[in-house]
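All chains are named by letter (A, B, ...) in the order of the sequence lines, taking the proteins before the strands, and each is independently numbered beginning at 1.
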Number of protein chains: 2
Amino acid sequence: MNTFTEENYLKAIYHLSLQAGSASTNQIATSLNTKAASVTDMLKKLAEKALINYTKYQGVTLTATGEKIAISIIRKHRLWEYFLVEKLNFKWDQVHDVAEELEHIASKELIDRLDTFMGHPKYDPHGDPIPDSNGLFKTHELKPVSTLVVNGKAIISGVRDHSTSFLQYLERMQLTIGKKIKVTEINDYDHSVILQVEDKKIHISREVANNLLIAL
Amino acid sequence: MNTFTEENYLKAIYHLSLQAGSASTNQIATSLNTKAASVTDMLKKLAEKALINYTKYQGVTLTATGEKIAISIIRKHRLWEYFLVEKLNFKWDQVHDVAEELEHIASKELIDRLDTFMGHPKYDPHGDPIPDSNGLFKTHELKPVSTLVVNGKAIISGVRDHSTSFLQYLERMQLTIGKKIKVTEINDYDHSVILQVEDKKIHISREVANNLLIAL
DNA sequence: AAGAATATTTAGGCTAACCTAAATTTATTA
DNA sequence: TAATAAATTTAGGTTAGCCTAAATATTCTT
């Protein structure tokens with residue numbers, strides 16, 4: 001088995017690679033709140049264990065084995081988040097840190113039973129897909145609200161920014177997963193957007209429109 | 001906060017002290033599967049943090065602070081065991097190792113919500129009392145079956161041995177928590193006992209009678 | 001109460017994961 | 001393309017928790 005720290009590295013590399021194709025030492029250091037030198041140490045170790053492809057100075061990608069582990073951690077993270085919100089009534093902005101701890105509980109049986117207990121949910125509270133027990137899931141193709149044109153309709157389906165403050169903002173604005181929206185106006189000057197949500201008009205900034213994801 | 005290892009030491013010291021009043025270096029080493037020299041290191045550290053009372057060669061006891069932490073870990077352990085059995089349908093002999101991991105999840109809010117979700121259970125699946133969120137619980141005064149006389153009646157309420165094999169044995173014999181029993185015979189020679197449980201007669205050894213706990 | 005047995009502590013070392021500072025490589029830009 | 005900037009790695013050090021072997025304290029036995 002792997003240490004918590006190794007698991008955190010694998011997860012970070014997975015997420016970073018999704019965006020850029022590979023992860024650099026500095027990106028990993030930033031995302032794990034550690035220093036580049038520490039990252040280099042760990043990269044050697046993970047490469048030694050054949051969990052990453054690493055050539056000095058060139059950034060890293062996960063091997064098949066490494067990816068499998070990363071996905072299993074993400075599965076655990078998202079299932080626990082679902083549990084915390086749906087069963088324990090946590091708010092969606094309160095669950096991340098606790099799930100960061102819970103995701104390292106090793107037992108596969110535990111997580112498969114938890115999955116069954118909750119009825120095999122497909123998405124976590126933030127709209128991210130939950131891998132099944134074989135590690136399969138659709139890498140969802142969501143677009144930001146900012147890609148909609150006037151009169152475009154869509155359903156709020158995810159977030160690009162998972163920070164507490166953004167999630168709290170969305171909750172206050174009632175811009176939560178599953179809501180139907182329609183763009184009624186786009187401001188040319190600052191790219192802010194006015195949305196029709198149920199019977200309300202909601203004005204959001206360009207930044208929010210970029211970080212709020214939709215399905216059509 | 002404390003490390004997982006520190007928490008495990010505090011828990012071990014708590015359990016050992018319950019029996020003998022204090023815990024010795026060797027007892028702690030045995031119970032944590034480590035070596036006496038490692039224990040001595042940790043005892044110094046815990047004493048430094050004022051979590052234990054330690055004088056060289058004299059064994060240790062928990063301070064009030066140390067005990068509070070130990071009890072909070074026991075609360076978490078037992079609540080998780082209850083969850084695993086009652087909600088996820090684990091068998092009572094399968095939950096210990098997973099609970100050993102879960103008990104170190106820090107969030108107090110998590111555990112209090114979990115407690116509420118399950119309806120504030122008073123006992124875990126093995127009959128051990130669950131401390132409430134203030135750390136209060138009745139240190140239960142159960143006696144072994146072996147203290148009963150012929151025709152004595154009681155209710156199975158706990159176990160002294162939490163090993164997988166003992167728990168599996170009890171399950172096979174249908175000697176589970178809550179069952180009403182009556183002693184129909186005691187064998188003078190080997191101190192084995194015949195119990196009436198529901199409509200069955202069950203023959204148990206002296207060893208089992210010593211490790212199975214009852215309330216009257 | 002002295003010697004033997006047992007328990008405990010000290011000394012010195014190891015590994016995982018972190019750090020800073022210095023060296024080196026890669027990327028950028030004039 | 002040379003020089004500067006930025007990114008990365010290496011060198012050397014720290015802490016937590018563990019270990020073995022040796023030293024010391026306590027307990028038991030006679």
Taking it one step at a time, do B:Glu81 and B:His96 satisfy side-chain hydrogen bond (donor to acceptor under 3.5 Å, both in side chains)?
CA-CA 7 Å; B:Glu81 286 201 341; B:His96 190 266; 4.8 Å; no

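For the side-chain contact (heavy atoms from CB on, under 4.5 Å) test, residues two or more places apart in sequence or in another chain that qualify with A:Asp132 are A:Asn134, A:Leu136. Partners of B:Ala209 by side-chain contact (heavy atoms from CB on, under 4.5 Å), not counting sequence neighbours, listed by chain and number: B:Val145, B:Ser146, B:Val193, B:Ile204. The side chain to side chain donor-acceptor pair (under 3.5 Å) test applied to B:Thr63 returns no partner, not counting sequence neighbours. Residues satisfying the salt bridge (Lys or Arg N to Asp or Glu O under 4.0 Å) test with B:Asp112, not counting sequence neighbours, are B:Arg75, B:Lys108. For A:Asp188, there are no side-chain contact (heavy atoms from CB on, under 4.5 Å) partners two or more places apart in sequence or in a different chain. B:Ser205 is linked by a side-chain contact (heavy atoms from CB on, under 4.5 Å) to B:Glu207, B:Val208, counting only residues two or more places apart in sequence or in another chain. Residues satisfying the side chain to side chain donor-acceptor pair (under 3.5 Å) criterion with B:His203, sequence neighbours excluded, are B:Ser192.
Look at NZ on A:Lys44: it is 11 Å from C1' on D:dT8, rounded to the nearest Å. Per the geometry, CD belonging to A:Glu48 stands 11 Å off P belonging to C:dA16, to the nearest Å. Going from atom CG of A:Asp41 over to atom P of D:dT10 covers 9 Å, rounded to whole Å.
Note on residues 11-30 of chain A: pairs passing side chain to side chain donor-acceptor pair (under 3.5 Å), not counting sequence neighbours, are A:Lys11-A:Glu100, A:Lys11-A:Glu103, A:Ser24-A:Gln27.
Take the nearest nucleotide of DNA chain C for B:Leu43 and for A:Ser38: the residue whose nucleotide is more 5' is B:Leu43.
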Which atom pairs, one a donor and one an acceptor, fall under 3.5 Å between side chains of residues 83-94 of chain B and the rest of the protein, sequence neighbours left out?
{"unit_1": "B:Trp92", "atom_1": "NE1", "unit_2": "B:Leu167", "atom_2": "O", "d": "3.1"}
{"unit_1": "B:Asp93", "atom_1": "OD2", "unit_2": "B:Gln168", "atom_2": "NE2", "d": "3.1"}
{"unit_1": "B:Gln94", "atom_1": "OE1", "unit_2": "B:Lys91", "atom_2": "N", "d": "2.7"}

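For DNA chain C, the residues of residues 5-13 of chain A within the heavy-atom distance limit of 4.0 Å (strictly under) are A:Thr5, A:Tyr9, sorted by number. Within residues 22-32 of chain B, no residue places a heavy atom under 4.0 Å from DNA chain D.
Using a 4.0 Å cut-off between charged side-chain N and carboxylate O, A:Lys44 and A:Glu48 make no salt bridge.
Note on B:Tyr54: only backbone sugar-phosphate atoms sit closer than 4.0 angstrom, heavy atoms only; bases stay farther off.
Side chain of B:Lys35, nearest nucleotide from C:dT20, D:dA16, D:dC19: D:dC19. Taking the side chain of A:Thr34 as heavy atoms from C-beta on, and the options D:dT9, C:dC19, D:dC18, the nearest nucleotide is C:dC19.
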Nucleotide-resolved protein contact map, nucleotides 21-26 of chain D, B/S/- at heavy-atom distance under 4.0 Å:
---BSS

